[in-house]
Each structure stands twice: as C-alpha cells, then as structure tokens.
Enquirer: 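One structure follows; several queries about it will come next.
Keep in mind that this is a model prediction, so the values were computed, not measured. Note on naming: letters A, B, ... go to the chains in the order of the sequence lines (proteins, then strands), and numbering restarts at 1 for each one.
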Amino acid sequence: MSIRLYNTLTRRKEEFLPLDPRNVRMYVCGPTVYDYAHIGNARPVIVFDVLFRLLRHAFGAPYVTYVRNITDVDDKINARAAEMAAAQGVSVEAARADLTAKTAAQFEADVAALGCLSPTLSPRATQHIADMVAMIEALIAAGHAYAAEGHVLYDVASKPDYGKLAKRSPDEMMAGARVEVAPYKRGPMDFVLWKPSDDTQPGWDSPWGRGRPGWHIECSAMGGRLLGESFDIHGGGVDLTFPHHENEIAQSEGAHGGHAPARYWLHNGFLQVEGEKMSKSLGNFLTINELLKDWPGEALRFNMLKTHYRQPLDWTVKDLRVAVKTLDSWYKLIGDVEARPENAGAYFLSYKLSDTLADDLNIPAAMPQFHYMAAVLSEKTPAEAELAEFKTAANFLGLLTHTASDWFAAKKQAVSLDEGDIRQAIEARNAARKAKDFAEADRIRDELLAKGIVLKDSPKETTWEVKR
RNA sequence: GGCCACGUGGCGGAGUGGUUACGCAACGGUCUGCAAAACCGUGUACUCCGGUUCAAUUCCGGACGUGGCCUCCA
C-alpha cells in the first residue's frame, strides 16, 4: 500500500516512505491548556487521528508511535492562573497546577468523545524542561543561539535557509514587520528560546538564571527526546507553519547537526463558523464541550471529516443536521451488528477505503463509497457479514462505533418529553385513527412534531423518532 | 504593504485536458386515511478576463473575492 501525503516543505504530494517501517513516528502539536478547547482545535486532533489509524493499518499498530504534546507552560496560562488566584485566594502556583491539570483532563475527555484514539504518548512540556535546557545549550555551542539579559535567543542570521518551510525569506518578512524589536536582539527575527521569570511566574533554574522556555523549543525538545533527532511526520494547523514550525526546524537542525526533525510536514486548513471567523467578540466561539451537550460526538466528527483536511472548513448547524441524518440512516442499516476488526482484509476496508485514504487522506472521496455500499445493502436483505464489514469500515474512520440501539436511545434521552406520555399520545391517536377521526389523529401527530417527535406508522405498530 | 492558500450546481463537497462524483435540499412517482421512513426517477456547476491546445472547470498569466501568516491563535 502506497500512501501519498502533501508535504508543506515541498508543496507537493509525495509518497510516504518512513525512515524505518518498523518504527513509524508522528508528532502533532497539541493544545495549550488554559481554557476549553474550541472546535477549531478539534480539527487537527481528528485529522491526525485518522492518519494515525491509516498508518497503523499500513504498517501495523505496534510499529507506529504518535506523540501529541500538552503545553502546560505558557504566558496565557500564567495570566489566567493569576486571575484565578486573585479570585479564589489561593497561590498562583496552586492555581496554575489546578488550571493545567483540569484543562488537560477536559481536553482528553473532549477528544475521546470525538472518537479519537489516545496518542501513544502525551508528554507535558513541564516534564521536559531539562531536555529544553540541554537543547538550548547545544544551540549556543553550535553558534546558533546567544544569551542576552537573562534571555537566550535564536540567531536567525546563523541559519541561511531559515524560512524554507514557510517559503519566505527573513528579508521579505521584515518588509512588512511592524513589531518593535527588543533591544537585546541581534537580529529583528531572532526568537526567544528562554526568558527570565519573576517571582509570580513559573521558573526553573538554568545556566541563564531562573526562567522559563519560549514557545517553540518545547516541541523540538519533546520530539527529539521521544521520537529521535529525525522522525517521519510532523503535523499541526496551517497557522503554525510560521513561526512555530519554521522555528522548530531551525532549533532541531541547529542542535542536531543539520538533521531535519521531520521529513513530512502536514498542515490542516482553518475552520470558520457559519461563514465567519470564530472569535469571542463575534459570539460564535464554539467549544467542543458545549457542542457535545447538543450533538453526539460522532456527528461532530463526521462533520469535521466532510471536508478534505487541507481545505478551509465552514462549520454550520445545517451541516451538522446532515451529519446526524446520515449517521441515523447508517445505524438503521447496520442495527446492532458487531464490527469485525479482525476481518480487516475485507475488500472494502482493505482496498477501496484504505486506497482512497492513502491519497493524502482523501476522506470526503471515501464518503460515496459508504453511500454506495449502504445503497447496495439496502436493496436486499443483507447478510450479517456484509453489515459487519460496513460497520468495520466506518469504525476505521472512528464512525458507527456504537450499536444502533445505543445510538437511538441516546437521542431519545435528549427529548424533554416523558416516554410514557409519548406512548399515551400514540395510543390516543391510534384510537382516533380506528374511529376514522383523522382530524384528531393529525392534531396529535402535529402536536408531537412540534416537540420534535416524528411518528411512523407501519401496518403493525406506530414508532417514534427524534427529529433533529 | 509582503508572503501563502482557496473560489465547483440552491447548499455541502470530491475529481478530471475531452465520458453521470457523491450527499443534503427541491421536484415527480410507488407506498400511506394523511404523513414519516424507504425505494425509483428528474433537473441545475465548475468567479471573471486573457493565453496554450483539436479540446480547459482541469495547465499558464492577470483581475476580483474569501481566508491564513507576517504580533507565542489549530
């Protein structure tokens, strides 16, 4: 099986050839834990989860390592912790520990609800301060960094190919720069590796005094420590291309004798909400947690997968309804059949679906395959094995992971009406129908419909569903 | 201002140098007391202007539009 991935470094689709097929390694930038993760944060998590699954399928689960970090040292965290400390009368230190632990746990619960597998490793930045300090020392020794006024800065001028990922030269960037340059910087593009901390800020002892790391160094240090100097894939959102990933490359290559940290750099596109940029001021800031109160995690996931990962994605309620509707129909089809992951060699999964995904993770192109198969299975009385194959294939994308019984039961729970009341209404309506009082029968049905209940008459009985 | 993406039918969304993607919605039909569901059938597209070509939605150039980055935001 040949996997092709679009590499930001070369701006081309390339065949994916791991350095070592018995040790395939991927690093994805994870969240900074200071607040609930929003739906935009969920995109890379879901996208790279599918890639993780594909790699496990292609190379064998034991031979794929996926690292997604948790950034728990950051000035946004410090600011939030200071607010909390003032409000709750606890120490900043305690507030910070509480904030990062709770937010990280919340993030992990949220993305689990979105059907994401746990990464192989989820390192915390604060667990790797020593690795960062060592890396900074290596950068200084190699002539790529310098200390100044308690800071350590990366000397961009020492790296002639700086800008190769973002495809822009320092000169070009300077042309539009409106930022005031700190006086201790040698070059205006130089970025911070280490900065001094005051008493209210978290700090660690270092050769340059008590301080804390800059933003970019943690990913370089953790990637290098956990995956080695060179690994296969590095992923994240497009907005991280510059400066974050560009700086990671500069740091890792500078500290590792020029060895590139990753060979394939993958970036997912941005997400908008109802056609607008998501922002708190517009009031369209959607957290995963809030969305999960209104929608099944699987529907959120389906909606995220509707668009190719590199394309911009417009997140709308309208599309979410379609997602639910599609999943409803598929659950109706498969019922409570069990998946058969051991039958991964089945035609659909092993050839059609995985080949489609292998083309730069073209998940939207795989959807017609599901629709087609669902249509074929609907036309006849499908064998259980066929339904199991359908479910197994959907499971590959992290979809249809429940039984139909559980799926529809969960939907019914979301209704404000008591189930007994609904049954009573149905009986009253059926009595009216028997008496040919269709006006009354329609009145009852409309009344339930107004409350989101759809009735379905069959020759035998009347059942109900939740309308979304 | 500089750099980088993207622009497909009512909506969402793949793809391709010449043949129906697909889904939702809409419309018609079967079924139904009426519906819902299901099934069958139908229609509509490639932002604009140039260029290359026998042929471009697909390649090249430009315009316009949208988004991202250039200030630690996925």
Side-chain angles (χ1 to χ4, degrees), chain A residues 8 11 28-32 37-48 71 73-76 163 165-180 189 191-192 195 213-218 235-244 246-247 267-272 275-279 302-303 305-314 316 318-323 325-326 328-329 332-333 356 359 362-372 374-375 378-379 432-434 436-439 441-442 445-446 449 453-459 462-465 467:
Chain A
T8 304
R11 312 270 160 156
V28 174
C29 293
T32 300
H38 57 69
I39 192 64
N41 295 312
R43 172 111 104 144
V45 176
I46 292 173
V47 162
F48 292 107
T71 297
V73 51
D74 178 273
D75 287 352
K76 285 194 297 296
L165 178 69
K167 295 281 183 285
R168 54 179 112 169
S169 69
D171 290 347
E172 280 171 354
M173 286 183 271
M174 284 314 302
R178 289 174 292 221
V179 195
E180 230 178 284
M189 297 300 299
F191 56 91
V192 172
K195 53 190 169 187
W215 176 38
H216 316 295
I217 193 68
E218 55 168 285
V238 270
D239 57 319
L240 293 183
T241 310
F242 191 91
H244 186 56
E246 190 71 55
N247 291 352
H267 293 97
N268 62 273
F270 235 62
L271 179 147
Q272 286 186 280
E276 289 186 309
K277 180 173 177 161
M278 178 167 58
S279 71
F302 186 99
N303 196 227
L305 298 179
K306 76 180 185 180
T307 306
H308 184 90
Y309 77 93
R310 284 193 282 114
Q311 295 284 104
L313 184 151
D314 192 15
T316 65
K318 190 178 172 186
D319 289 334
L320 274 170
R321 293 209 179 96
V322 173
K325 186 171 179 162
T326 306
D328 279 353
S329 73
K332 230 170 261 176
L333 175 67
T356 304
D359 180 15
N362 197 345
I363 300 162
M367 287 304 161
Q369 299 174 350
F370 283 96
H371 290 302
Y372 176 75
S378 298
E379 277 173 6
R433 290 172 71 203
K434 220 168 203 174
K436 306 272 187 201
D437 184 358
F438 295 123
D442 289 351
R445 192 185 51 214
D446 292 344
L449 185 63
I453 309 294
V454 181
L455 297 185
K456 294 159 57 174
D457 297 326
S458 77
T462 299
T463 58
W464 63 279
E465 276 182 12
K467 185 185 181 171

Enquirer: Nearest of B:C24, B:C34, B:C69 to any side-chain atom of A:R445?
Expert: B:C34
Enquirer: Which part of the nucleic acid does A:K434 contact within heavy-atom distance under 4.0 Å: base, sugar-phosphate only, or nothing?
Expert: nothing
Enquirer: Is there a Watson-Crick or G-U wobble partner for B:A21 with both distances under 3.5 Å, and which nucleotide is it?
Expert: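 The answer is none; no pair meets the criterion.
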Enquirer: I'd like to check, for A:F270, whether its ring lies over the base of B:G68 with centroids under 5.5 Å apart and a plane angle smaller than 30°.
Expert: no
Enquirer: To the nearest Å, give me how far apart CG (A:D328) and P (B:G23) are.
Expert: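 One finds 17 Å between P of B:G23 and CG of A:D328, rounded.
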Enquirer: Hunt down the Watson-Crick or G-U wobble partner of B:C69, both distances under 3.5 Å, from any strand shown, or write none.
Expert: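 Per the H-bond distance test, B:G2.
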Enquirer: Has the side chain of A:D442 got a donor or acceptor that lies under 3.5 Å from a partner of the other kind on the base of B:G33?
Expert: yes
Enquirer: What about A:D457: does its side chain form a donor-acceptor pair under 3.5 Å with the base of B:C34?
Expert: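 Such a pair exists between side chain and base.
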Enquirer: Please tell me if A:K277 has a side-chain N or O lying less than 4.0 Å from either OP1 or OP2 of B:G68.
Expert: yes
Enquirer: Within this structure, what is the NE2-to-P distance between A:H244 and B:C70, rounded to whole angstrom?
Expert: 13 Å
Enquirer: Measure the distance from CD on A:Q272 to P on B:G7 and round it to the nearest whole Å.
Expert: 14 Å
Enquirer: Please check the phosphate of B:C22 (OP1 and OP2 only) for any side-chain N or O of A:K306 closer than 4.0 Å.
Expert: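 For B:C22, neither OP1 nor OP2 has a side-chain N or O of A:K306 closer than 4.0 Å.
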Enquirer: For A:H267 and B:C6, what is the distance between atoms NE2 and C1' respectively, to the nearest whole Å?
Expert: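 Distance, rounded to whole Å: 17 Å.
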Enquirer: Mind calculating the distance between CH2 (A:W464) and C1' (B:A35) to the nearest angstrom?
Expert: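 That distance rounds to 18 Å.
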Enquirer: Please give the nucleotide sitting opposite B:A35 as a Watson-Crick or G-U wobble pair, both distances under 3.5 Å, or none.
Expert: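 Checking every strand shown, B:A35 finds no partner, since no pair has both distances under 3.5 Å.
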Enquirer: Just wondering, are more than 12 heavy atoms of other shown residues or ligands nearer than 6.0 Å to OH in A:Y372?
Expert: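 Atom OH in A:Y372 is not packed in, count stays at 12 or less.
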Enquirer: Using a strict 4.0 Å threshold on nitrogen-to-oxygen distance, state whether A:D442 and A:R445 make a salt bridge.
Expert: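 The answer is yes: the pair qualifies as a salt bridge.
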Enquirer: For B:U47, what is the paired nucleotide under Watson-Crick or G-U wobble rules, both distances under 3.5 Å?
Expert: B:A63
Enquirer: Indicate the ring-plane relationship of A:H244 and A:W215, choosing parallel, tilted or perpendicular according to the 30° and 60° boundaries.
Expert: parallel
Enquirer: Quick check: on RNA chain B, is the nucleotide nearest A:M278 upstream (toward 5') of the one nearest A:R11, or the reverse? Name the residue that is more 5'.
Expert: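 Going by which nucleotide is closer to the 5' end, it is A:R11.
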Enquirer: Only pairs with both distances under 3.5 Å count, Watson-Crick or wobble alike; so what is the partner of B:G28 in this structure?
Expert: B:C40
Enquirer: Expressed in angstrom and rounded to an integer, what is the separation of A:L271 atom CG from B:G67 atom P?
Expert: 14 Å
Enquirer: Using atom P of each nucleotide, how far apart are B:U47 and B:G15 to the nearest Å?
Expert: 15 Å
Enquirer: Would you say A:T307 places a side-chain N or O within less than 4.0 Å of OP1 or OP2 belonging to B:G13?
Expert: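 Affirmative; the distance criterion is met.
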